[in-house]
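Worksheet: the structure to be examined is printed underneath.
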Amino acid sequence: MTTTAPDPDSQQLPPQYTPADVEGPLYERWVERGYFTADVDSDKPPFTIVIPPPNVTGSLHMGHAFEHTLMDALVRRKRMQGYEALWLPGMDHAGIATQNVVERELAIGDISRHDLGREAFVDKVWQWKGESGGRILGQMRRLGDSVDWTRERFTMDEGLSRAVVTIFKRLYDDGLIYRAERIINWCPRCHTAISDIEVEHSDDEGELVSLRYGDGADEIVVATTRVETMLGDTGVAVHPDDERYRHLVGRQIELPLTGRLIPVVADEHVDPEFGTGAVKVTPAHDPNDFAIGQRHGLQNLSIMDEAAAITAPGPFEGLDRFEARTAVTEALRGLGRVVAEKRPYVHSVGHCSRCKTVVEPRLSLQWFVAVAPLAKAAGDAVRDGRVKINPREMEPRWFGWVDNMHDWTISRQLWWGHRIPVWYGPDGEVRVVGADEEPPTGEGWAQDPDVLDTWFSSGLWPFSTLGWPDRTRDLERFYPTSVLVTGYDILFFWVARMMMFGIYAMPEPPFPVVALHGMVRDSRGKKMSKSFGNVIDPLDWIDKYGADALRFALARGANPGSDVPMAEEWVEGARNFTNKLWNATRFALLSGATVEGDLPPADRLSYADRWILSRLATVVAEVDRAFDGDPADPSAEGFEFGEVARTLYGFAWNEVCDWYIEVSKLPINAGGPEADATRRVLGHVFDVLLRLLHPLVPFVTERLWTALTRRESVVVADWPAPDAAARDEQAERDMGRLQELVTEVRRFRSEQQIKPGVRLPAVLVPDAGSAAAELERHVPQVAALARLADLRVGDGVPDGWQEVVVAGTRVALDLSGTVDVRAERARLRKAIELATAEESSVAAKLANPSFAERAPAPVVEKTRTRQSEARAEIDRLTALLDALPAQ
RNA sequence: GGGCGUGUAGCUCAGCGGAAGAGCACCCGGUUUACACCCGGGUGGUCGCAGGUUCGAACCCUGCCGCGCCCACCA
């Protein structure tokens, strides 16, 4: 008997896994050893992911933990697969969001940014960035993110700022950036322009008021939800074909309260069916009206300032827009001009995505990107397959947006951000100053005070972080990135910008595939957000259950593009799983499992050994398929992290632990050459299983794998290769048979309420379908797992013994008076009922002539087998029932 | 108004043309020497509704109903 001395490492594994003891030191060790640092000089193929940069202001929430888990899993697996893996970390300066946060801080001390002045304020924000950013980096370490810390970037770094200026100038020179006076979305609280996508629409209750303009024959009724804007009306529009108003077109009518005369114009845009078919036109405060005004040469009359207070001279001057709405309505009512007020009137109202203030459309001079050609290129990249969106169902969204995009307002009236690289001269000159150019000096020259939209710099992220506009070696080697992992909520905010800029500047698209994930929701399906108060700091759960548990729980719920429910129970379950892995590996170590030497040849292995190796081979293939998809099957698109997690969980727990470990105890306890073979298989199974799990649960697998193999680190171990030769159908059938036998006997015991400790004498009785020799194979295993005594293969059921029928085989048990006859009779009757129902349903199917003709032969064959099995089952059960003692 | 998705066990979700699944919850039984963060057994579903295609439908088609999300210059 060859007993391997207990592994010294195993002595260090206590019966419970305590994540807090191992996670921190392991992470530091990984970083020190440089595992996460990508080598630009290696000859490995590159695999690159740039992190969606979190806002410096915040801290990472559950959505980040989720996203990072997915990215880390991809990166760790590729690293194991022999790629030069680069996961580039960094943060976003998040212009408006950060500025708001710092302003709010200042407001506590009753200070405004204007009190500080621009320079001091920006210094303050940098200071804030330093404090806040550190927190985020700490969180990433706790999560186990295998990012390359030597390449950390920030959107306001010098290099990235150069990229911003460079692309600005190129776009300007190409005529794709221009400055114009347009109607833009204005946030009266943030005092800045915002882009279309920074406006959130919600159905708000307002009131629709009908107003009478003009007098007598000139009278015309218009309707509005924003009464105060009438102060800025410079026309009324009707449809050209509208008979009702034809006589008025071209006439001037009087605008109430102001006494101004405004023209009636005919415009196709007006829907004659809607309301009265006449529209008041306020070109300076409504995008539609602005367009109408442009077409008919109407005056643009601004009536509000940047805080949305009325500037039109008169009694309303200085009133806030909402005060003015009431005041103007009152005044008009006094003049008898209010025809009708309809309330409530629900209509879509735009809000600032940052502060929820109602957005005011406002005419103002801003910088824009002419997106048409860029957006077209971004659309084409997906259309022609250079970029895939995963899951594919998201593509219509992409096209719908990219094909209908409005020009992008990029200037912001803020202080925190990339300052617009444009100088204005004393005589109205405009000079865009590139990265390597000197700004003009001299009397009257001044730089544009505004900064750029924060998405302008994040749009450059996949290449600015690698050194662009310089042609660095990193850029050459790691661009384009390999995949973009992000939430579907920022498909347009961010992904579209990166696509447009990447194709424009590089010109390869920045990634060949966009893997979209869903939002993390709480157990009731609510989106986690501050306003709902259901936000959980990932660190709380990491402290309590370990980073691996959190990661595994998140991964387990991840189905491409769909939202992930999250509740503490899920994490608890995942923690239990890490503990299960811990103890299972601990068992392997205590049993002397080894990874040294070749696996024994198949003929020296038990069927259980061959079975687990066969299953393992299948699992390796399934995991690869879930990660990578299947080129032959368009429905398998890959990125199925949930599938990976569920496959491995089920395999590890229900197959390795529940069956293989239990069966392996027999040879191991018995010793001998069979024990050596099983120890080697056990070692192999855990070696491979831990490597497969490492991308999802890096810490516990590292601790266990190094203990098991005594090798350096699973981080740099090879990813398991599929092993088709290990597939063994016969072993799977044998094991299936064993499981059936054991499960049926256990169920019988449980139903008979036989104590688990009682070892029943039993006999396996072969029948036509199962030879004695075949049954012999299972005797020791069945005896051990089903807790039977003196088990043997016999040729009949001894008198007075009960029997359990397992698909063709009888197991006779000596209950010696422990039988509950009534319970047994009920059990048999129920079983007969079920078998009879099965038999008749199958018979009906076979009796159907078209089934025999049309169904494939194997299906028919299978159905026939089912029928004969069902008949045999009924006969056998009936005989058993008859054999039961009368009472 | 357009687009996309979704409705399967009490809960959260897999399955997407050939005998209804998992995790959690629940019930029963367990000091089985890796693990009670465990082990064994069990209850629970006309797969939203109504039609259709098919030998066969949770799965394909049509229509309805419910829910969710995205887009939209509905005065």
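By convention in this document, chain letters (A, B, ...) are assigned in the order of the sequence lines, proteins followed by strands, and residues within each chain are numbered from 1.
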>> Among residues at least two apart in sequence or on other chains, which ones pass ring-ring contact (aromatic ring centres under 6.0 Å, His included) with A:Phe493?
In response: A:Trp455
>> Check the phosphate of B:G42 against A:Arg747, side-chain N and O only, distance under 4.0 Å to OP1 or OP2. Yes or no?
In response: yes
>> Let's see if you can work this out: which of B:A34, B:A19, B:G41 has an atom nearest to the side-chain heavy atoms of A:Glu838?
In response: B:A19
> What is the distance from atom CG of A:Leu648 to atom CZ of A:Phe552, rounded to the nearest 0.5 Å?
Replying inline: 6.5 Å
> At under 4.0 Å between heavy atoms, what does A:Ser841 touch on the DNA or RNA strands: base, sugar-phosphate, or nothing?
Replying inline: nothing
> Just checking A:Val222: base, sugar-phosphate only, or nothing, at a heavy-atom cut-off of under 4.0 Å?
Replying inline: nothing
> Which of the following nucleotides, B:A34, B:C37, B:C55, is nearest to the side chain of A:Gln16?
Replying inline: B:C37
>> Are A:Leu813 and A:Leu788 packed together at the side-chain level, in the sense that at least one heavy-atom pair is separated by less than 4.5 angstrom?
In response: yes
> Looking at OH of A:Tyr545 and OG1 of A:Thr578, how far apart are the two atoms once the value is rounded to the nearest 0.5 Å?
Replying inline: 11.5 Å
>> Taking any heavy-atom pair under 4.0 Å as a contact, classify A:Lys544: base, sugar-phosphate, or nothing.
In response: nothing
> Which residues pass the ring-ring contact (aromatic ring centres under 6.0 Å, His included) test with A:Trp401, sequence neighbours left out?
Replying inline: A:Phe492
> In terms of side-chain heavy atoms of A:Arg521, which of B:C69, B:G18, B:G40 is nearest?
Replying inline: B:C69
>> What's A:Ile661 touching, base or sugar-phosphate or nothing? Going by heavy atoms closer than 4.0 Å.
In response: base
> Among B:G41, B:C35, B:C55, which is the nearest nucleotide to the side chain of A:Arg854?
Replying inline: B:C55
> Mind checking the C1' distance from B:C24 to B:U43? Whole angstroms is fine.
Replying inline: 16 Å
>> With a 4.5 Å cut-off on side-chain heavy atoms, are A:Leu516 and A:Thr486 touching?
In response: yes
> Which of the following nucleotides, B:C13, B:G40, B:A19, is nearest to the side chain of A:Pro565?
Replying inline: B:C13
> Taking the same atom, C1', in B:G52 and in B:A19, what whole-Å distance lies between them?
Replying inline: 25 Å
> Can you name the residues that form a side chain to side chain donor-acceptor pair (under 3.5 Å) with A:Tyr213, not counting sequence neighbours?
Replying inline: A:Asp233
> Of all residues at least two apart in sequence or in a different chain, which pass the ring-ring contact (aromatic ring centres under 6.0 Å, His included) check with A:His285?
Replying inline: none
Every protein N/O lying under 3.5 Å from an N/O of nucleotides 43-45 of chain B:
none

> Can you check whether A:Tyr488 reaches A:Arg397 side chain to side chain, under 4.5 Å on heavy atoms?
Replying inline: yes
>> Looking only at the side chain of A:Phe492 (C-beta and beyond, no hydrogens), which of the listed nucleotides B:G18, B:G40, B:C71 gets closest?
In response: B:C71
>> Could you spell out the base pairing of RNA chain B as a dot-bracket line? Use Watson-Crick and G-U wobble contacts where both distances are under 3.5 Å, [ ] for crossing pairs, | for partners on a different strand.
In response: ((((((((.[[[[.)..(..]]]].(((((.......))))).....[[[[[..)....]]]]])))))))....
> Below 4.0 angstrom from OP1 or OP2 of B:A14, is there any side-chain N or O of A:Asn559?
Replying inline: yes
Polar atoms only, N or O, under 3.5 Å: list the protein pairs with nucleotides 7-9 of chain B and their distances.
none

> Could a donor-acceptor pair under 3.5 angstrom be found where the side chain of A:Arg397 meets the base of B:C70?
Replying inline: no
> Got a sec, which residues hit salt bridge (Lys or Arg N to Asp or Glu O under 4.0 Å) with A:Asp630, two or more places apart in sequence or on another chain?
Replying inline: A:Arg625
> For the side chain of A:Lys580, counting heavy atoms from C-beta on, which of B:C71, B:C39, B:A75 is nearest?
Replying inline: B:C39
>> Checking A:Trp582 now: which residues fulfil ring-ring contact (aromatic ring centres under 6.0 Å, His included) with it, not counting sequence neighbours?
In response: A:Tyr17
> With a 4.0 Å cut-off on heavy atoms, is A:Thr578 in touch with a base, just the backbone sugar-phosphate, or nothing at all?
Replying inline: nothing
>> Mind checking if A:Pro361 touches a base, just sugar-phosphate, or nothing, with heavy atoms under 4.0 Å?
In response: nothing
> Quantified in whole Å, what is the C1' atom distance between nucleotide B:G44 and nucleotide B:C11?
Replying inline: 13 Å
> Is a salt bridge present between A:Arg226 and A:Glu360, judged by a nitrogen-to-oxygen distance below 4.0 Å?
Replying inline: yes
>> Within the 4.0 Å heavy-atom criterion, would you say A:Glu853 contacts the bases, only the backbone, or no part of the nucleic acid?
In response: nothing
> Which one, B:A14, B:A75, B:C55, comes nearest to the side chain of A:Val279?
Replying inline: B:A75
> When you compare B:G17 with B:C61, how far apart are their P atoms, in angstrom units rounded to a whole number?
Replying inline: 11 Å
> With a non-hydrogen cut-off below 4.0 angstrom, is A:Asp271 in contact with a base, only sugar-phosphate, or nothing?
Replying inline: base
>> Using atom C1' in both nucleotides, what's the gap between B:G66 and B:C49 to the nearest angstrom?
In response: 10 Å
>> Over all strands shown, is A:Ala588 touching base, sugar-phosphate only, or nothing at heavy-atom distances under 4.0 angstrom?
In response: nothing
Find every protein N or O atom lying less than 3.5 Å from an N or O atom of nucleotides 22-29 of chain B, and list the pairs.
residue	atom	partner	partner atom	Å
B:G23	O4'	A:Arg556	NH2	3.4

> By salt bridge (Lys or Arg N to Asp or Glu O under 4.0 Å), which residues pair with A:Arg759, not counting sequence neighbours?
Replying inline: none
> Which one of A:Gln739, A:Lys665, A:Glu662 satisfies the side-chain contact (heavy atoms from CB on, under 4.5 Å) criterion with A:Leu785?
Replying inline: A:Glu662
Report all side-chain donor-acceptor pairs from residues 838-845 of chain A shorter than 3.5 Å, counting only partners two or more places apart or in another chain.
residue	atom	partner	partner atom	Å
A:Glu838	OE2	A:Arg866	NE	3.1
A:Glu838	OE2	A:Arg866	NH2	3.4
A:Glu839	OE2	A:Gln867	NE2	3.3
A:Glu839	OE2	A:Arg871	NE	3.0
A:Glu839	OE2	A:Arg871	NH2	3.3
A:Ser840	OG	A:Thr836	O	3.2
A:Ser840	OG	A:Ala837	O	3.2

> Expressed in whole Å, how much space separates the C1' atoms belonging to B:G21 and B:A9?
Replying inline: 10 Å
>> Please determine whether any donor N or O and acceptor N or O are separated by less than 3.5 Å between the side chain of A:Glu662 and the base of B:A34.
In response: yes
>> When you compare the side chain of A:Phe639 with that of A:His517, does any pair of heavy atoms fall below 4.5 Å?
In response: no
